Amino acid sequence: MDTILSLTTPPDVAFARVLTTAAEALAQSRGLGKRESMRFQLAVEEFFTYLAQVAHEDCAIQTVLTGKPYQVCASLQFQASGLCLGALNASCTTSLDGAGEAANDLGLILAGRVADRFRLTRDGESSFTLHAEVDKAYPAAKAPPSTVTFKPPYRAGLEHDPNRLMHAAALAAARYPAWHCPASFQTPGKFADLVRAGQFTCVLALDEASHPAGLLCWARSGEKGLSFSGPFVFAPQEDAPQVARMLADAFLATVAREKIEIVFSERATQDTPDGYFETLGTLTRYDEAGQSEQPVLYRHLREDMGETVWADPALEGFLRGVYDRLAMCRDVLAAQPFGASGPSERKSSLFSTTMDKGKGLAVLRPLLDGEDMAANLAGHVRVLSDKGFLNILLYMDLSQAWEASLAGPVMDAGFKPRLVLPFAGRSDVAVFQYAPAR
Amino acid sequence: MRQLADLVPTHVLNFESYVPSRPDDVLMRQYGVERLYRLNNNENALGPPPAAQEVLAAFPPERGAVYPSGDCFFLRQALSDAFGKAPDRFLVGNGSCEVITSVIKAFCQPGDNIVTADKTFAVYEWVAAFSGIEPRLVPLKDYALDPQAMLAAMTGRTKVVFVCNPNNPTGSWWSRDTLERFLRAVGGRAIVVLDEAYREFVDDPDFPDGMEVMERHPNVLVFRTFSKMYGLAALRVGYLCGGLEAVDIVRRTHLVYSVNSLGQLAAKAALEDDGTHAAATRRMVAQAGEYLKSVFDSLGLEHVSGAGNFIMARVPIPDTLLYRLLMKQGVMIRTMTGFRFPNWIRVTLAREPAMEAFAKALRSSLDKR
């Protein structure tokens, strides 16, 4: 069960110590190491201190600290006008010398860097919630045991046993390229905790002696979607198609009546059985060895009710082509191109950046628009490329007109629209990929 | 102020509400087609029997201001005459969905469970789930309800067992012997609902007649409907029949005034049909069934067809994708993922033009993939 601490305080830095004390207690109660606990305290302190300066004076900041088996999270709800969080961008390269104008942002830069990830949600015109997460540290996967002689018949079903899950995750990590695996496969203990906490759900194929013969897992993505990984098959080649089909059937039967519209995968394996999913398109996977095309798979769970999306003129042709090919009915509304309605209300735009070093993958999501959009995107590409991230994606939720209007600057920055994930956000999500110069 | 969600029981909060298809004109606009063949809900393409059609046409508009008979007095009388049972042994509901709800409300309380199949008419499971009652779902065996597994799934807290006979969507059914053995094994430990929504489509002498079975088993309740064979789906009239004691208990939780006057009148008239309508419907269904089987065979598609006015087929692409491809060609089918049959579709057996339109659209959709 999650531990939840909720504190409502005035936007006054004097209360920062109360919050860091609570953050420390929470991190300790959840078994986080000293280093992670310190990072969490620091993130809470710096975020709160910054927000205490920019939040409306007469509105309280509500801080909710949540302890899960695998991470701690701080959610700070506040009111602010003209919010500008440019220093949180991964592209922010302000010198950390504590001098000049940039000094005001040092705390924010620090908070963004010590948290494993953060995101901002807008709850109203001037109401925001800033979420910051710090993960528990886990030991890396040990080499899985040598070959097992599998004995059919196989069966597949939901799996909760942590030992079996850890074993299967380690097997998958050893046999499949990192691109196909959730990052937590590298630390199977974390994977098992994620399953225990309900972040992942798994179906496992077992042979007669209950050896794991295959694994397929999924996690919630957005309000209407499930993102799946796999199928990972450990059975011998001649049994692989059967095991893969059993996993796909068990997966779909399990989720068929859940509160979701779609399942999709940007990292489905080549073992995926034919006929179960639609191909939305491909993403290019860049690594040291070169590049390859990776299919992105998808399927509805029920009949398509249609959807309304916003489209910038720069993206409209692409979208209509996609929807026609997929036989999907969509009302496409025209979004004004970025900057067409005058200067942006804020100077600095903001993107959240999720990085997965194992895959060399970074994913950007627009959180706030701003005057510096073009420069900020270019900065992200430069910084991420310098850090060795060859695969840079940008997700754009087409339910938001302001987000859709960014298509022009995004494409000008070298991103190409690759595909659309139907219902993956509040409505459809357009996926752009940066094409690096080779 | 508390969040609205704080007021909601967890089992309701976690329940996914059912989203019905949009109206035909909306769908036709969305998919850019000028006509739509509805083959998704097992409606009767021949419509209601002539006598029911006359009643509908003659309904005086001023009667719209008058409440219906709250307990369907005359319709229950007609059912009594038709089946030779006392009128108080019948309860009429707004479709069979309402009587399912009434039965679960009458017999189940938190901690109890119901037993049914995992791949059957979904409403038993839904009503139990959103009522906070555990649905225990038993896998099918060879596309049919598995009596042994259903018995094994029963616990001391099982109050109702739902047997869809014939089963929607596979069309499989239990014979007299199978049902009798099952009921003996249940031995009165739970109410057994025989949902016979599609029984009028079966003319096999080995098919058990629930109306007769219930006389030997007082724990049996039989559900039937005017929506399928009698073509009155728009008017929503279903009913249950059972022993006096069982029906008296269900009546306590059953809403009155839920069935409208037009529905009551049309259903009563339909009951009085001389059988011509049912015979014509059976002929249409048989002809369409043979035609679609040949279409599926020619495409190499596995299909399942038992009793009922529908056929189920496994397709080589996601059923939800095929739905969209067919809709683009003006044909609407039922996807089966929601029935936990991914990549299967269910098609209503209807008249020739609809069946030909479906076959053409299916071939065209699969050719392109």
Side-chain angles (χ1 to χ4, degrees), chain A residues 6 64 123 155-158 198 203 216 220 223-224 226 228 245-264 272-280 297-308 320 322-332 422-423, chain B residues 13-23 26-33 40-41 118-119 122-123 125-126 129-130 135 137 139-140 301 314-329 332-345 361 364-366 368-369:
Chain A
S6 181
V64 177
D123 314 314
R155 62 190 191 279
L158 280 171
V203 286
L216 191 151
R220 205 158 180 112
E223 294 173 15
K224 301 171 187 171
L226 295 175
F228 71 93
R245 276 196 305 275
M246 290 175 83
L247 289 168
D249 278 329
F251 166 45
L252 293 173
T254 302
V255 303
R257 291 183 188 168
E258 283 196 9
K259 291 175 74 169
I260 47 163
E261 295 282 336
I262 59 143
V263 300
F264 68 96
T272 306
D274 289 339
Y276 280 77
F277 304 97
E278 302 174 42
T279 304
L280 290 174
L297 304 182
Y298 152 90
R299 73 170 285 149
H300 255 92
L301 292 179
R302 43 188 67 93
E303 289 138 24
D304 184 22
M305 292 291 175
E307 190 56 273
T308 301
R320 289 196 185 278
V322 166
Y323 292 136
D324 185 52
R325 179 170 57 80
L326 297 173
M328 277 180 188
C329 45
R330 292 290 184 270
D331 290 321
V332 180
F423 295 106
Chain B
L13 210 53
N14 293 337
F15 188 77
E16 165 70 356
S17 54
Y18 178 74
V19 183
S21 306
R22 290 185 174 165
V26 174
L27 290 168
M28 286 192 283
R29 182 187 63 75
Q30 283 185 313
Y31 283 94
V33 293
N40 62 327
N41 276 339
D118 64 342
K119 295 171 180 177
V123 177
E125 177 186 342
W126 286 340
F130 68 58
L137 307 177
L140 298 186
L301 304 181
R314 188 203 290 265
V315 292
I317 58 175
D319 49 338
T320 45
L321 167 61
L322 183 61
Y323 170 87
R324 303 197 307 269
L325 295 172
L326 294 177
M327 285 295 282
K328 284 265 185 186
Q329 298 168 84
M332 190 177 189
I333 48 88
R334 173 67 71 205
T335 61
M336 286 283 99
T337 297
F339 277 73
R340 302 195 178 95
F341 269 115
N343 288 16
W344 287 76
I345 58 169
S364 155
S365 301
L366 297 183
K368 288 179 192 161
R369 299 281 147 178

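Remember, it's a predicted structure, so these values are computed and weren't measured experimentally. Naming convention: chains lettered A, B, ... in sequence-line order (proteins, then strands); numbering from 1 in each chain.
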Aromatic rings A/F423 and A/H300: how do their planes relate, parallel, tilted or perpendicular, breaks at 30° and 60°?
-> perpendicular
Given A/E303 and B/R334, is the salt bridge (charged side-chain N to carboxylate O under 4.0 Å, His left out) satisfied, shown in steps?
-> CA-CA 8 Å; A/E303 289 138 24; B/R334 173 67 71 205; 3.3 Å; yes
Checking [X] against chain A: side chain, backbone, both or neither under 4.5 Å from a heavy atom?
| X | result |
| --- | --- |
| B/P20 | backbone |
| B/S21 | both |
| B/A122 | both |
| B/V26 | neither |
| B/L137 | neither |
| B/F341 | neither |
| B/D118 | backbone |

Side chains of A/F228 and A/V255 in contact at under 4.5 Å (non-hydrogen atoms) = no
Between A/R299 and B/Y323, is NZ or CZ placed under 6.0 angstrom from the six-membered ring centre and within 45° of the ring axis?
-> no
Distance in Å, B/T335 OG1 paired with B/L321 CG, rounded so as to fall on 0.5 Å steps | 11.5 Å
Which portion of A/F277 sits near chain B, non-hydrogen atoms under 4.5 angstrom | backbone
With sequence neighbours excluded, what pairs up with B/F339 under the ring pair (Phe, Tyr, Trp, His ring centres under 6.0 Å) test?
-> none
